[in-house]
**Q** 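Dumping the structure here so I can ask a few things about it.
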Amino acid sequence: MTVMEQRGAYRPTPPPAWQPRTDPAPLLPDARPYRVLGTEAAAKADPELLRRLYAQLVRGRRYNAQATALTKQGRLAVYPSSTGQEACQVAAALVLEQRDWLFPSYRDTLAAVARGVDPVQALTLLRGDWHTGYDPYEHRVAPLCTPLATQLPHAVGLAHAARLKGDDVVALALVGDGGTSEGDFHEALNFAAVWQAPVVFLVQNNGFAISVPLAKQTAAPSLAHKAVGYGMPGRLVDGNDAAAVHEVLADAVAHARAGGGPTLVEAVTYRLDAHTNADDATRYRADAEVEAWRDHDPIVLLERELTDRGLLDEDGMRAAREDAEAMAADLRTRMNQDPALDPRDLFAHVYAEPTTQLTEQQAQLRAELEAEAAGPEGAGR
Amino acid sequence: MTVMEQRGAYRPTPPPAWQPRTDPAPLLPDARPYRVLGTEAAAKADPELLRRLYAQLVRGRRYNAQATALTKQGRLAVYPSSTGQEACQVAAALVLEQRDWLFPSYRDTLAAVARGVDPVQALTLLRGDWHTGYDPYEHRVAPLCTPLATQLPHAVGLAHAARLKGDDVVALALVGDGGTSEGDFHEALNFAAVWQAPVVFLVQNNGFAISVPLAKQTAAPSLAHKAVGYGMPGRLVDGNDAAAVHEVLADAVAHARAGGGPTLVEAVTYRLDAHTNADDATRYRADAEVEAWRDHDPIVLLERELTDRGLLDEDGMRAAREDAEAMAADLRTRMNQDPALDPRDLFAHVYAEPTTQLTEQQAQLRAELEAEAAGPEGAGR
Amino acid sequence: MTTVALKPATMAQALTRALRDAMAADASVHVMGEDVGTLGGVFRVTDGLAKEFGDDRCTDTPLAEAGILGTAVGMAMYGLRPVVEMQFDAFAYPAFEQLVSHVARMRNRTRGAMPLPITVRVPYGGGIGGVEHHSDSSEAYYMATPGLHVVTPATVADAYGLLRAAIASDDPVVFLEPKRLYWSKDTWNPEEPEAVEPIGRAVVRRPGRSATLITYGPSLPVCLEAAEAARAEGWDLEVVDLRSLVPFDDETVTASVRRTGRAVVVHESNGFGGPGGEIAARVTERCFHYLEAPVLRVAGFDIPYPPPMLERHHLPGVDRILDAVGRLQWQAGS
Amino acid sequence: MTTVALKPATMAQALTRALRDAMAADASVHVMGEDVGTLGGVFRVTDGLAKEFGDDRCTDTPLAEAGILGTAVGMAMYGLRPVVEMQFDAFAYPAFEQLVSHVARMRNRTRGAMPLPITVRVPYGGGIGGVEHHSDSSEAYYMATPGLHVVTPATVADAYGLLRAAIASDDPVVFLEPKRLYWSKDTWNPEEPEAVEPIGRAVVRRPGRSATLITYGPSLPVCLEAAEAARAEGWDLEVVDLRSLVPFDDETVTASVRRTGRAVVVHESNGFGGPGGEIAARVTERCFHYLEAPVLRVAGFDIPYPPPMLERHHLPGVDRILDAVGRLQWQAGS
Ligand SMILES: Cc1ncc(C[n+]2csc(CCOP(=O)(O)OP(=O)(O)O)c2C)c(N)n1
Ligand SMILES: Cc1ncc(C[n+]2csc(CCOP(=O)(O)OP(=O)(O)O)c2C)c(N)n1
Ligand SMILES: [Mg+2]
Ligand SMILES: [Mg+2]
């Protein structure tokens with residue numbers, strides 16, 4: 001039986017005999033975000049996993065801070081920080097197997113790094129020396145995607161292709177609350193459900209699309225409620241609770257891997273920093289709101305759980321911080337070196353073989369650069 | 001208070017205090033399509049309305065048949081028939097007030113005609129003498145829209161503009177089951193819900209998008225279930241039950257007019273004819289399926305109800321048929337006349353004032369046509 | 001040497017055959033789009049493929065062009081070679097962002113690590129009595145997008161050869177199928193399809209000495225007809241079929257125009273901002289001192305595509321081409 | 001006659017002022033887009049409008065460009081004059097279908113009954129260190145679409161005047177704002193903004209006799225700089241600012257080139273399939289016997305827009321323009 005045949009053909013039936021195609025009840029999200037930390041569910045969580053998550057959260061926070069500092073030093077063109085959203089970033093990275101794929105949006109550098117992408121290469125786009133700085137196939141991380149929601153159909157297509165090839169691969173795609181308004185979000189989720197593709201969609205609902213609050217973005221009960229309209233389960237989770245995000249994603253990944261099809265997960269979280277270093281968040285939100293979220297900090301939540309349960313002590317915390325500092329120091333050093341630039345790259349990868357036209361243009365640029373190098377009078381222009 | 005302020009600003013709250021923004025329960029459709037004819041609800045239906053619907057259904061069926069015949073005679077380039085879907089077409093037209101707007105898709109010529117558009121003008125697009133043959137402002141019917149789902153944001157924008165101007169106007173937009181997969185469907189419904197625009201979306205789920213059955217289009221329990229993901233009510237109705245479609249639409253229109261915002265209505269129906277006269281439906285569906293739907297014919301359903309209840313007799317049926325025949329005869333006569341064509345129209349309406357460029361091109365064409373008229377040797381080319 | 005019986009085939013049949021042969025030769029080739037499965041496509045170009053290769057290889061997708069192309073991107077990322085059908089020219093527009101921002105750029109974005117061997121088949125152009133949105137010539141949009149190849153056949157043999165070449169290409173190819181040539185016939189041996197050079201070579205379809213008609217796709221037959229008619233006026237016209245708009249074969253075109261000293265570019269697409277501007281400009285840059293007259297353009301008017309009953313006025317026809325040839329300042333030169 | 005104190009203003013400020021004045025003058029003018037309200041837009045062009053006119057007149061929309069333009073179509077149908085902001089050039093692509101299939105065609109489709117007076121503001125072009133997708137020059141797409149006007153200011157005064165004219169136009173206008181000129185300053189009196197002629201007139205920014213530089217938008221300052229530098233080489237260059245790509249002002253351009261006998265078209269957009277092809281072709285058609293050399297083009301390379309650190313190599317600069325001027329075959333003529 002082919003993948004396509006598995007769904008069987010719907011034959012329209014006149015209304016007295018009409019049947020809903022699936023039962024909607026199990027698809028609806030719970031009324032409140034699922035939480036683990038500070039609840040009874042925490043007892044069941046794997047201590048080893050919690051410690052790994054913790055170390056990565058600390059590292060992630062430090063990464064965001066370092067990258068933001070680099071923008072001030074002119075070493076990065078721009079940085080959209082995920083401070084406050086580290087639980088989503090880290091859980092998304094850790095929940096996947098090596099053979100799985102991650103589809104990050106432009107804000108998700110940290111998720112890519114947590115999955116293994118070199119921290120400097122992950123910043124290439126934002127530093128400006130090239131677009132994608134890493135080989136997507138090395139860690140199975142798609143290029144950081146700037147046009148919002150356009151990465152979602154890619155994730156669906158890749159997951160579908162893997163399934164067609166008989167590979168046991170799941171794709172996890174990240175998108176923001178704002179991104180859910182795009183047509184590509186809709187089309188991707190619909191294709192995923194119709195094809196029963198092994199893909200998990202994680203919406204990081206951080207309350208804002210730049211300056212636009214969620215109420216101007218949607219009137220839905222929650223973003224997770226969109227799932228039922230595609231015939232896939234919707235799950236709502238506390239996005240600052242790393243254990244909860246990991247558990248919900250792990251369930252969704254396992255479900256997808258077992259052939260159960262896609263899941264839409266909405267993680268309720270908050271962007272503590274401005275949209276990017278270039279943004280002035282005070283224009284559209286009050287400090288009090290930010291403070292309320294600081295009290296629900298993902299690192300603090302997990303740290304409290306771990307220390308309360310004796311799974312983490314001062315030494316452990318110091319070790320995590322030291323590891324993060326080492327990463328930051330290395331990042332700083334390497335980012336302070338000017339990247340090697342080769343203008344020939346401009347023409348080398350437009351096509352498999354450069355066209356005559358591009359070869360001519362490359363020769364023109366080479367001649368110009370040689371002239372520039374030779375005579376000082378050209379340099380100023 | 002401005003329209004935009006009415007929704008109030010959503011302020012993100014950390015999860016323990018998180019609230020769903022609306023209660024999803026009332027937004028969910030019933031499990032089965034709502035029906036009136038042949039049920040107890042029929043007793044409450046207005047006999048006068050039922051008779052009006054009946055007359056229009058009969059007329060509509062005849063219109064479809066006549067238009068299809070005209071394609072065979074080469075008088076229409078193509079005709080997408082709505083035979084079997086007349087209940088949706090007619091109810092959509094009759095439910096609106098004069099000041100309201102109808103946004104038809106390419107299949108909904110009949111709805112436009114039932115709303116008052118001249119039957120010949122409504123066919124201009126499909127005859128090929130111009131694109132839109134009627135003035136949209138005359139009957140407040142937007143141009144028949146070919147790119148699927150693209151008319152939906154137009155309906156939202158118009159309804160929103162009317163509300164901003166303080167006008168008491170509702171827009172009703174038609175779309176097919178296939179059209180619900182397009183990004184524009186998603187974006188339109190989302191804008192409508194966020195803006196609480198007075199618009200009603202009627203999905204005519206006729207089971208197919210050309211050859212593609214619903215199971216390859218969606219995995220949702222029903223298309224009406226998509227509503228909850230936008231925070232608007234979803235309603236499921238038997239699309240062959242004119243009384244039910246009218247009632248559900250009337251409720252939605254009243255709700256919208258009262259400031260309650262948009263509604264998504266899914267009408268379960270069936271296209272009895274091929275996609276268009278050029279399509280061969282036997283390639284993708286069996287006769288038995290078509291026959292099952294013929295037993296649930298919208299005209300038969302209503303006729304049965306009316307005659308059972310003594311609201312319609314042989315005379316009434318004959319009168320409806322005669323009226324339909326007269327319309328068809330008039331249509332045939334007028335469509336058999338060659339339309340007046342003026343090639344100058346090609347240049348007259350591209351801009352408010354033709355550019356120099358267009359004026360030159362128009363002069364060129366005029367010269368060519370004069371030369372063609374003068375010398376016979378050019379004619380063959 | 002065996003004699004092969006040549007059978008007439010339509011361009012649509014040649015395209016079907018190309019898809020079939022490509023799918024048979026390479027299991028990574030997947031056909032997808034609206035109605036391409038059971039129905040075989042509205043122009044029947046994918047007829048029989050779902051039956052022969054199964055629904056997973058020839059797939060009826062949901063009705064959403066951005067979704068079709070966007071998922072094809074993901075499939076290509078995983079090593080497949082998707083061949084996407086857009087049902088009509090104007091219905092490719094919803095996929096514009098995916099095409100421009102991803103399909104055209106992924107290889108470049110990743111310094112060659114992630115090529116996207118996707119073929120996007122787009123039936124294009126008018127002359128078939130299509131109602132609104134069914135007759136656009138959208139090639140200017142694709143030509144202006146670096147990273148895409150843009151190819152269009154004008155003969156039955158090229159339909160086969162170029163589509164095979166497009167599918168075999170490791171780069172994305174927008175494959176424009178001239179709708180009104182779908183039913184054009186030619187003797188062509190599908191058992192031994194003519195070998196076609198790789199994408200990017202124009203071809204002289206008719207040699208001539210007086211002037212060059214530069215054209216492609218749906219306008220080739222019109223140009224050949226015009227060249228025949230021009231003999232009566234004493235003009236011996238050369239006709240160049242570009243076949244590939246990107247890459248552009250400057251060599252063939254320049255050689256022809258340098259020989260004839262005069263050129264007219266002919267296409268259905270709107271003149272202003274259309275392909276003809278680029279072609280005329282680059283021919284002039286390369287042939288300026290050989291030109292007896294400016295390179296002229298015969299194109300569709302600068303208007304939205306007209307309704308069927310008026311389209312004949314819009315489409316470049318033999319008379320309009322001959323008029324342009326007549327304006328090539330014959331008094332001044334040869 | 002009173003003396004007016006001229007104050008320096010940026011182009012962004014002039015645009016804000018144009019929006020404000022248009023909204024104050026006409027209650028049917030509505031501004032809409034992503035972040036245009038509270039934030040005042042990412043370039044602050046809509047700063048203060050929501051405060052002054054309320055959320056209903058200056059509206060933060062959901063994040064969906066097709067939805068923004070599609071609802072604007074409906075609003076225009078009902079008599080409003082929507083001014084839509086697309087946040088960046090590449091983020092206008094999702095709205096491509098609405099633009100091409102509806103905005104550009106509605107008037108024509110309805111034989112004039114349903115005009116759509118929509119202004120689509122698109123910040124475009126590079127030179128600001130923008131990361132991927134933030135520096136596209138997309139004007140070729142819009143030029144190739146009949147039914148749209150395409151306008152782009154290069155000076156502070158034109159930013160005001162052309163935007164007022166665009167909003168006042170009964171036709172849809174794609175209003176391209178050169179990002180890197182947002183912060184360019186000029187003395188300009190916002191109290192008595194310079195009267196600007198209706199859309200469609202080019203202007204000679206610098207008279208000259210040796211050759212004509214034809215340009216627009218972000219490349220105007222570069223051309224003026226090149227013209228200054230050219231004096232050292234003995235060239236007296238004329239610089240024409242097109243201001244409007246559609247309609248195209250053949251009169252002004254043709255008059256200039258006939259006078260100088262030589263021309264170079266300069267723009268940031270990719271060369272191949274870009275605006276320069278059309279411009280060079282139509283100038284050549286009209287000025288052939290006046291030309292001492294082919295019309296040359298200096299444009300962005302035929303590559304996807306480069307990353308910030310490499311963009312200076314891509315953008316047409318003074319040297320590249322002077323090189324092209326040097327290739328205008330000076331031995332042959334004046
Ligand atoms: C198609 C598209 N439109 C607009 C933008 C500009 N833009 C970049 S980020 C952003 C807001 C995104 O909000 P959200 O999806 O919630 O993600 P977040 O920034 O909160 O992570 C916008 C409008 C874009 N990148 N892509
Ligand atoms: C954007 C777009 N894509 C493709 C088409 C071609 N097309 C015309 S009708 C049709 C099927 C529509 O199905 P549905 O929405 O269910 O409406 P129905 O024909 O059943 O009334 C398709 C694919 C189109 N008109 N517009
Ligand atoms: Mg967000
Ligand atoms: Mg349908």
Side-chain angles (χ1 to χ4, degrees), chain C residues 65-66 90-101 104-105 108-109 132-133 136 138-147 150 245-246 248 265 269-289 291 293-297 301-305 329 332, chain D residues 65-66 90-101 104-105 108-109 132-133 136 138-147 150 245-246 248 265 269-282 284-289 291 293-297 300-305 329 332:
Chain C
E65 293 78 8
F91 307 143
Y93 300 151
F96 196 70
E97 183 188 30
Q98 285 290 344
L99 189 73
V100 170
S101 293
R105 300 189 196 191
N108 186 63
R109 172 181 299 149
E132 208 190 354
H133 306 288
D136 282 14
S138 35
E139 57 268 36
Y141 301 135
Y142 307 126
M143 281 177 71
T145 307
V150 184
L245 296 170
V246 183
F248 190 87
V265 187
S269 167
N270 309 112
F272 189 84
E278 175 62 42
I279 298 169
R282 60 194 304 115
V283 166
T284 307
E285 286 161 10
R286 285 162 179 74
C287 307
F288 188 67
H289 289 297
L291 284 175
V295 178
L296 296 182
R297 295 179 281 168
F301 293 124
D302 297 321
I303 59 174
Y305 198 88
Q329 311 188 359
Chain D
E65 294 77 9
F91 308 143
Y93 301 151
F96 196 71
E97 182 187 29
Q98 285 289 345
L99 188 75
V100 170
S101 293
R105 300 190 195 192
N108 186 65
R109 172 182 298 150
E132 205 189 356
H133 306 288
D136 281 15
S138 35
E139 58 268 37
Y141 300 136
Y142 306 127
M143 282 177 70
T145 306
V150 184
L245 296 171
V246 183
F248 191 87
V265 187
S269 168
N270 308 111
F272 189 84
E278 175 62 41
I279 298 169
R282 59 195 303 117
T284 307
E285 286 162 11
R286 284 161 180 75
C287 308
F288 188 67
H289 289 297
L291 285 176
V295 178
L296 296 183
R297 295 179 280 168
F301 294 124
D302 297 321
I303 59 175
Y305 198 87
Q329 310 186 357

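Below, chain A is the first sequence line, B the second, and so on; all start at residue 1.
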**Q** Against chain C, label D:Arg286 side chain, backbone, both or neither, depending on which of its atoms sit under 4.5 Å from a heavy atom there.
**A**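 Interface part for D:Arg286: neither.
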
**Q** Under a 4.5 Å heavy-atom cut-off, does chain D meet the side chain of C:Leu291, its backbone, both or neither?
**A**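 For C:Leu291, backbone and side chain are both near chain D.
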
**Q** When rounded to the nearest 0.5 angstrom, what is the spacing between CZ in C:Phe272 and CG in D:Leu245?
**A**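 Answer rounded to 0.5 Å: 7.0 Å.
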
**Q** When heavy-atom pairs shorter than 4.5 Å are enumerated against chain C, which of D:Phe288, D:Phe91, D:Tyr93, D:Tyr142 gives the highest number?
**A**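 Heavy-atom pairs under 4.5 Å are most numerous for D:Phe288.
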
**Q** Of all the heavy-atom pairs spanning C:Ala144 and D:Gly273, show the shortest one and how long it is.
**A**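 Looking at all heavy atoms of both residues, the shortest contact is CB-O, 3.6 Å.
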
**Q** For C:Ala281 and D:Ala280, work out which heavy atoms get closest and say how close.
**A**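 So the two residues come closest at CB-CB, 3.9 Å.
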
**Q** Is chain D contacted by the side chain of C:Phe248, its backbone, both, or neither, given a heavy-atom distance below 4.5 Å?
**A**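 Side chain of C:Phe248 only, per the 4.5 Å heavy-atom cut-off to chain D.
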
**Q** Non-hydrogen atoms of chain D under 4.5 Å away: do they reach the side chain of C:Arg282, the backbone, both or neither?
**A**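 Backbone plus side chain of C:Arg282, per the 4.5 Å heavy-atom cut-off to chain D.
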
**Q** Who wins among C:Ala95, C:Ser101, C:Ala90, C:Gly147 for the most heavy-atom pairs under 4.5 Å with chain D?
**A**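 The candidate making the most pairs under 4.5 Å is C:Ser101.
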
**Q** Indicate the atoms forming the closest heavy-atom contact of D:Pro146 with C:Pro304, along with that distance.
**A**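 Where D:Pro146 meets C:Pro304 most closely, the heavy atoms are CB-N, 3.9 Å.
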
**Q** If you count heavy-atom pairs under 4.5 Å with chain D, which of C:Asp136, C:Leu99, C:Val295 comes out on top?
**A**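 Going by pairs under 4.5 Å, I would pick C:Asp136.
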
**Q** Is chain D contacted by the side chain of C:Asn108, its backbone, both, or neither, given a heavy-atom distance below 4.5 Å?
**A**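 Contact with chain D involves the side chain of C:Asn108 alone.
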
**Q** In terms of heavy-atom proximity below 4.5 Å to chain D, should C:Thr145 be classed as side chain, backbone, both, or neither?
**A**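 For C:Thr145, heavy atoms of backbone and side chain both lie under 4.5 Å from chain D.
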
**Q** So which part of C:Val100 gets closer than 4.5 Å to some heavy atom of chain D, the side chain, the backbone, both or neither?
**A**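 C:Val100 touches chain D through side-chain heavy atoms alone.
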
**Q** Rounded to the nearest 0.5 Å, how far does CG of C:Asn270 lie from CD of D:Glu278?
**A**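 Answer for the CD-CG pair, D:Glu278 versus C:Asn270, is 10.5 Å.
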
**Q** Check each atom of C:Pro275 against the heavy atoms of chain D and say whether the ones under 4.5 Å are side chain, backbone, both or neither.
**A**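 C:Pro275 has no heavy atom closer than 4.5 Å to chain D.
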
**Q** Quick check: does any side chain N or O of C:Glu97 sit under 3.5 Å from a backbone N or O of D:Pro94, one acting as donor and the other as acceptor?
**A**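 A pair under 3.5 Å: no.
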
**Q** Answer yes or no: is there an ion pair linking C:Glu132 with D:Arg105, defined by an N-O contact shorter than 4.0 Å?
**A**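 Looking at C:Glu132 and D:Arg105, the cut-off is not met.
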
**Q** Select, from C:Arg109, C:Met143, C:Glu65, the one with the greatest count of heavy-atom pairs under 4.5 Å involving chain D.
**A**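 Of C:Arg109, C:Met143, C:Glu65, C:Arg109 has the most heavy-atom pairs under 4.5 Å with chain D.
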
